[in-house]
Structures are given as C-alpha cells and as structure tokens.
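Quick note: numbers below take in every heavy atom, side chains included, and nothing from hydrogens, waters or symmetry partners.
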Amino acid sequence: MVAVSQTLSRALELHGAGRLEEAFRLYNQVLQEEPDDVRSLHMSGLLLHQTGETDKGVERLERAMALAPEDPSLPLGLAELRLDAGEPGAALEAVGQALALEAGNPLGLRLLGVAYRMLGRAEEARQALLGATELAPGDAAAWRELGGLAHAAGRDDEAVAALEKALALEPEEPGAVATLALALANGGRAAEGIALLEKALDDGAEEPGAEASRVYAALGRLRAAHAQDGADVEQALEAYEKALALAPDDADAHYGLGMLLAALGRHDDAARRSERVQVLEPAEPRGLEAMVRVERSRCRGEAALAHARKLAEEFPGHPDAAPILAESLDAVGRHEEARLQYQKALIKRPGELRWLLASGRSMPAVPANAQQLAQARQRLEFTLSRLEGQPFPLDLRNGPLPALHPPAALALLPPDDRRGLRERYGRFVQANLAPYAEWVNLPCAEPPNGKGAAKIRVGFLAAEGQQTAFAHCMGGLAQQFAGKH
C-alpha cells in the first residue's frame, strides 16, 4: 500500500507539472494494483479529457462515482469535464448530483453558474455565482465569471467591481484583464481599458495560450471601436493577428477580427472567421450572430435572415435571439413578423430601449382597432420618457440603431394629445440628433474612409410641420462613436 500511495503522489505531481504521459502511466500502474482506487480513476479520467479522449475520461469518472457515491468532488469533476467539452446540459445534471450531496459547496455553485450561463439562463447563473462568491470570497474564478456575466448583460459597473476583486486575488490574470478592459470601455473609460491591456502585455502576458491571446483580442476590439484614424485600424488588425498567433483556435479573436473585416468591406474573409467561430463554439450562439452581421454588412438580407432563424431555433434561450431575428425580418420588409419577435424579446427585458424603439417602428401603420390605438399611444409615451435625457448615440455600442420616428398611429390621436407628443419628440430630435445631420451615408459595399468612420447617416424629413429624425447604422466601426461623441 505504501508503494501504491507513493506512486499516486508522484502521478499527481507529474500531472500538475503538465507531464501528462508520465502521469497517465503511473495512474494506470496504481489501477493495476488497486482497480478500485477512486482517486486514480478520478484524476486519470480528467487527464484523458485533457488529451482529447473525453469519452474514456467520462467512463473512469462514472466508475469512481459508483464506487464513492457520497463524494461530491466526483460529480463536480465530471461537471468540469462536461463544461470544458461544451456540454452544459450534462454538466448541469452532474452539478445537481454534487449539490444534492453538499448544498453549500462553493465550487458546485460556481460550476452551476457556468452551466446556466452556457445555457442562456443568465439570471439563474447570476444567482448561483453570487452564492459562490458569498460562500468563497477568495475564489477568483467565481468573481471572474460573475464579472463576465455582468459585462455580457451590459451591467458594466457591476462587472468592473467583480473583475477588480478577481484581479486583487489573482493579479494580471489575462482573462480578467481582458474583460475588465472591455467593461471599462463600455462605461466610457476606453483609454483606461487600452492602458490596462498594454500594461498587461508589457508585464509579460504574451505566453502562448488561449488566456494570453484574450488580452490581444480585447486590445484589437478596443482599437477598432475607438479608432481615430487608419493607423488605429491597422493596430487593431495587428492585435487580432497576434492573438491568433498565440492561440490559433481563440474564438474571441476570430469573432472580433471577423467583425472588423466585415466593417472594412472584406466580407469573404469575415465570413470565414465567423464560420470558424461556429466550429470552435458549437454550443454557443456567437458564430451565428456573427454570420447575421456579416450578411447584413454586405446587404444580403435574406441570407442574414436565414442565419437569424437558425440562431432562434438552435438557441431559443439566448436573450438576443428574438431581437436579432426581428431586426433581420425588418430588414427584408416583414414588419408584422418583426413586431411579434420584438414583443417576445420585451417580455424578458421590458426596459430594453433599442427593442422598444424598433417595436414601435414595426407597429401596424394604421391601428386596426381602439385597443391597438391605445397600445400605440402607451408605447410612444413610454418611448419618449426613455428618450428624454438619454445621451446620443443611444445604441451604437450594441449594434445597428433602429430608425427613430413616431409611429404612424400618432396621426390618429386627438389633436391636443398629438401636439403635445410631437413637441416632446421634436425637443429630443433638436437636442440629440441635429449635431449628426452632416454625416454622409456611404454605399453599402464601400469600406470606411481613411479615418475609420462608421457608415452612418442622419437626416431630417419634414412631415405635417414636424421634424422627423431617422438614423440608420449600416454596420462598420460604429462602436467608436459611443466613445467619441
């Protein structure tokens, strides 16, 4: 037994040092002597997954679980394996087994949060991760996950707070640095975000690997989004290329580079990058989202719609699936179908301004009955209350800005009501849209000019003595205007 124990200790040491082949040989040596050694089954199962033999790894872990059904670390190990393999549903089942054995297990709650996130169940993920950080405030990975989740949901103040805690525990961890930089930029602190990334690179974050490549990918994204001239765009391209040199299968870098190439009019290259994202992340919706945007950028509405439908079918729980489908339907003139999709999206997030605006645009031109007229008035009142006091651009960081105009139903309201609403809308137009009227719309297939300007047009139309504004973002480097104007 002493010899077996020593052999196992040596196997664990080699495993931790990354000498996997030697470690696996020693694990198997232990199992020849003790076929039911749970620790060897557990760790060799994880090692098999690391070397690409996931099915064999699962077999060993399940055998270990059968031998020690009261040990929560075993289903947690299986859950980590499943998550790493992109199988959140199977991971959720394994985590459930672990938490049934130990309800307050912090690792179990963290993995539960990751599984929920991958399944598109954002609020459940958030609650699980909050529980994990409360029980284990020293778990940097839990804070990173919580920060990443908040950033993805647009709660960037919350994201910054969580990620700063993660970095206090694990300074200069590349993934946390990258996400924190992006969250800072979204909060109007792009210069701080870029400086943070550059400092991380100066401090040696260039080691090969997916985590290190995220720093370069984030730098590429911020350089592109806040480009002042063509040199900034070139620096963005260079950052993405360095990211992929460090980690050729980094989905973040492929995704960001694809979006930048689409903005530059290199649509075929952009499509290839987006298709690569789908291959690398089959359990994630981002690749399909990218294809929708690429097809829109080259004005292929029906192709974009096909990808949007696939996104909605394969990822029905994804919070942006319905609005992306709605935008794609709107783009090809199917406004009634679009309106129904916007309404579906607003059920989940009723305060989302961009969807509310687009839903108003996609309303029937003439309400069919008094109920629709009342709904039109209510929606317009709410829209105006949200618009007033909002900085412009309202939505450029999150994609195309929907057309802004009062719905045609406004013409059917009583004169006094109509006049008041129009005056309020007119004040918003004059205060927020007038400075952008001089921007020129570029042809859809034409790349940005030398300064990297987004293809945006804002114009004004006169109708019934009222100024009606509309803004349309045709893709491109629109994100830069969120920081510049």
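The closest side-chain heavy-atom distance from Leu31 to Ser44 is below 4.5 Å. Side-chain contact between Thr133 and Lys165 is absent, with no heavy atoms from C-beta onward closer than 4.5 Å. Between Arg126 and Glu158, the closest side-chain pair of non-hydrogen atoms falls below 4.5 Å. The closest side-chain heavy-atom distance from Leu184 to Ile194 is not below 4.5 Å. No side-chain heavy atom of Lys310 sits less than 4.5 Å from a side-chain heavy atom of Phe315. Contact check for Thr54 versus Val58: side-chain heavy atoms found under the 4.5 Å cut-off.
Here the CG-CG distance, from Leu222 to Leu182, works out to 5.0 Å after rounding to the nearest 0.5 Å. Leu146 CG to Leu163 CG: the interatomic distance, rounded to the nearest 0.5 Å, is 8.5 Å. Between atom CG of residue Leu41 and atom CG of residue Leu74 there is a gap of 9.0 Å, rounded to the nearest 0.5 Å. With rounding to the nearest 0.5 angstrom, the CG atom of Leu81 is 4.5 Å from the NE2 atom of His49. Within the model, atoms OG of Ser213 and CG of Asp252 stand 7.5 Å from one another, a figure rounded to the nearest 0.5 Å. Taken to the nearest 0.5 Å, the CG atom of Leu47 stands 4.0 Å off from the NE2 atom of His15.
Comment: Asp269 engages Arg272 in a salt bridge, judged by a side-chain N to carboxylate O separation of less than 4.0 angstrom. A salt bridge is defined here as a Lys NZ or Arg NE, NH1 or NH2 lying under 4.0 Å from an Asp or Glu carboxylate O, and Glu59 with Arg63 fails to meet this definition. Between Glu337 and Arg309, at least one side-chain N (NZ, or NE/NH1/NH2) sits under 4.0 Å from a carboxylate O, which counts as a salt bridge. Comment: Glu93 does not engage Arg82 in a salt bridge, judged by the lack of any side-chain N to carboxylate O separation of less than 4.0 angstrom. Between Arg286 and Glu289 there is no salt bridge, since no side-chain nitrogen of the basic residue lies less than 4.0 Å from a carboxylate oxygen of the acidic one.
Using modelled atom types and a 3.5 Å distance limit, the side chains of Ser328 and Arg296 yield a donor-acceptor pair. A donor-acceptor contact closer than 3.5 angstrom links the side chains of Thr179 and Arg214. One side chain, Gln127 or Glu123, offers a donor N or O that lies under 3.5 Å from an acceptor on the other.
Atom CZ of Arg39 sits in a sparse spot, with 12 or fewer heavy atoms from other residues, nucleotides or ligands closer than 6.0 Å. Few gaps surround CD on Gln235; more than 12 heavy atoms of other groups in view lie less than 6.0 Å from it. Summarising the local packing, CG of Asp157 is surrounded by 12 or fewer heavy atoms from other residues, nucleotides or ligands at distances under 6.0 Å. Taking a 6.0 Å sphere around CD of Glu33, one finds it holds 12 or fewer heavy atoms contributed by other residues, nucleotides or ligands. Within 6.0 Å of CD on Glu22 lie more than 12 heavy atoms contributed by other residues, nucleotides or ligands.
When every heavy atom of His226 is checked against every heavy atom of Ala185, the shortest pair comes out as NE2-CB, 4.2 Å. What you find for Arg298 and Ala271 is that their closest heavy atoms are NH2-CB, 3.9 Å. Shortest non-hydrogen contact noted between Ser40 and Leu8 is OG-CD1, 3.4 Å. Considering every non-hydrogen atom in both Leu92 and Leu112, the closest pair reads CD1-CD1, 3.3 Å. Shown here for Leu196 and Ala181, the closest heavy-atom pair between the two residues is CD2-N, 4.0 Å. Heavy-atom minimum distance, Val332 versus Gly301: CG1-C, 3.6 Å.
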Residue pair Glu238, Tyr216: steps toward the side-chain contact (heavy atoms from CB on, under 4.5 Å) verdict: CA-CA 9 Å; Glu238 182 182 353; Tyr216 270 118; over 6 Å; no

Pair Met65-Val38, side-chain contact (heavy atoms from CB on, under 4.5 Å): steps then yes or no: CA-CA 8 Å; Met65 290 166 61; Val38 172; over 6 Å; no

Stepwise salt bridge (charged side-chain N to carboxylate O under 4.0 Å, His left out) test for Arg19 and Glu13: CA-CA 9 Å; Arg19 295 163 63 179; Glu13 182 182 331; over 6 Å; no

Trace of the side-chain contact (heavy atoms from CB on, under 4.5 Å) decision for His267 with Arg300: CA-CA 11 Å; His267 299 116; Arg300 293 174 55 177; over 6 Å; no

Steps toward side-chain contact (heavy atoms from CB on, under 4.5 Å) verdict (Leu237, Leu261): CA-CA 9 Å; Leu237 290 168; Leu261 291 170; 4.2 Å; yes

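Put simply, the side chain of Tyr255 never gets that close to the backbone of Arg276: no donor and acceptor are under 3.5 Å apart.
Applying the side chain to side chain contact (heavy atoms under 4.5 Å, CB included) test between Leu180 and each of Glu192, Glu164, Glu173 identifies Glu164 as the sole match.
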